[in-house]
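Heads up: the structure comes next, in structure tokens.
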Amino acid sequence: MSRLRRAGRLLGVLGMLLAGAGLAALLPLLPAARGRAATRGWARWTLHTLGVRLVARGRAPRGRALLVANHVSWLDVLAVLAVSPARMLAKREVRRWPVVGALAAAAGTVFVDRSRPRDLPATVARVAESLRSGRPVAVFPEGTTWCGAATDCRPAGGFRPAMFQAAVATGTPVVPLDLAYRYGGDPGTLAAFLGEETLWASMRRVLAARDLTVVVTVRAALYPVPGADRRALARAAEAAIRPAPPGPARPQA
């Protein structure tokens, strides 16, 4: 893409960040329904300004639900908010991001410090409290981003089960969200945010893309029974998003 169009996109994104700053100030004053609608609209327009086409398949729940999604890119947060303006669970570092951190805090994001595992039970309790209040909460149970297009770069261990305990404790349905990125019509890794890459470097690559699409597919809800095993629930949610790769072929008898 030409430098002129990239510059135009960048100016548009800066405008959306300014709009996000204003929204962060207004959210505590808006009725809950209007705040969610405003957040959804901001996320959709920000994706559009970045040149990312959003395709939503299925209907996200409006009421209480634990939304669990695979994690590929920093764009994932915008994609989830554009489909369901849920309360997010995010790493502590997001709180320091310009504008986005303030907006996330105003929207009630639960920030988690991954360097302090002993704080995990308190974080699960906060997620459960949000679910009891009737709000949807969105989490990325892989705990990290990955390339999104090949099985050999998946995070070890798959979906971490801790946050699923909040759904078990509150009897909340778990709704898997399958996030997939397509570049030029085919699955691709352009949107992936990995390793030591900076946010700015990743954003520059996205701004230069001509045909980037994020597809959000809402899978069937899982309803945990009282006392359900959170590990089994995590495995079921992960399988709904990405079935296990086929094992080695067995010789015919």
Do [X] and [Y] share a hydrophobic cluster (ILVMFWY, side-chain heavy atoms under 4.5 Å, transitive)?
{"X": "L4", "Y": "L14", "answer": "no"}
{"X": "M163", "Y": "Y223", "answer": "no"}
{"X": "V175", "Y": "V225", "answer": "no"}

Starting at [atom1] of [X], measure out to [atom2] of [Y] and round the result to the nearest 0.5 Å.
{"X": "R204", "Y": "R6", "atom1": "CZ", "atom2": "CZ", "answer": "8.0 Å"}
{"X": "Y183", "Y": "L190", "atom1": "OH", "atom2": "CG", "answer": "5.5 Å"}
{"X": "R36", "Y": "L27", "atom1": "CZ", "atom2": "CG", "answer": "11.0 Å"}
{"X": "H71", "Y": "L179", "atom1": "NE2", "atom2": "CG", "answer": "9.5 Å"}

Q: Would you mind telling me which of T123, T109, L67, V124 makes a side chain to side chain contact (heavy atoms under 4.5 Å, CB included) with L89?
A: T123
Shortest non-hydrogen contact between [X] and [Y], atoms and distance:
{"X": "Q165", "Y": "R230", "value": "OE1-NH1, 3.4 Å"}
{"X": "A82", "Y": "A43", "value": "N-CB, 3.7 Å"}
{"X": "A79", "Y": "V216", "value": "CB-CG2, 4.0 Å"}
{"X": "M16", "Y": "T49", "value": "CG-OG1, 3.5 Å"}
{"X": "A86", "Y": "P136", "value": "CB-O, 3.4 Å"}
{"X": "R9", "Y": "L50", "value": "NH1-O, 3.5 Å"}

Q. If we ignore angles and hydrogens, is there a donor and acceptor under 3.5 Å between the side chains of S130 and R135?
A. no
Considering only heavy atoms from C-beta outward, does the side chain of [X] approach that of [Y] to under 4.5 Å?
{"X": "L207", "Y": "V13", "result": "yes"}
{"X": "V80", "Y": "M88", "result": "yes"}
{"X": "F159", "Y": "R235", "result": "no"}
{"X": "Y181", "Y": "V72", "result": "yes"}
{"X": "L78", "Y": "W42", "result": "yes"}
{"X": "L177", "Y": "T217", "result": "no"}
{"X": "L75", "Y": "V206", "result": "yes"}
{"X": "D178", "Y": "N70", "result": "yes"}

Check: [X] side chain, [Y] main-chain N or O, donor-acceptor pair, under 3.5 Å:
{"X": "S73", "Y": "A191", "value": "yes"}
{"X": "T198", "Y": "A201", "value": "yes"}
{"X": "R205", "Y": "A192", "value": "yes"}

Q.
Using the side-chain contact (heavy atoms from CB on, under 4.5 Å) criterion, which residues pair with V174? Sequence neighbours excluded.
A. L66, V68, F164, A167, L222, L233, A237
Q.
With a 6.0 Å cut-off (strictly less than), is the heavy-atom count around CD of E197, excluding the residue itself, greater than 12?
A.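 It does: E197 CD has more than 12 such atoms within range.
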Q.
With side chain to side chain contact (heavy atoms under 4.5 Å, CB included) as the criterion, how do R44 and L54 come out once you've worked through the C-alpha distance, each side chain's angles and the decisive distance to 0.1 Å?
A. CA-CA 8 Å; R44 286 177 177 253; L54 172 70; 4.0 Å; yes
Q. By the rule that ILVMFWY residues connect when side-chain heavy atoms come within less than 4.5 angstrom, directly or transitively, which residues belong alongside V55?
A.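 Its cluster mates, by chain and number, are V215.
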**Q.** R87/V110 under side chain to side chain contact (heavy atoms under 4.5 Å, CB included): CA gap, chis, key distance, verdict
**A.** CA-CA 7 Å; R87 189 174 187 180; V110 177; 3.7 Å; yes
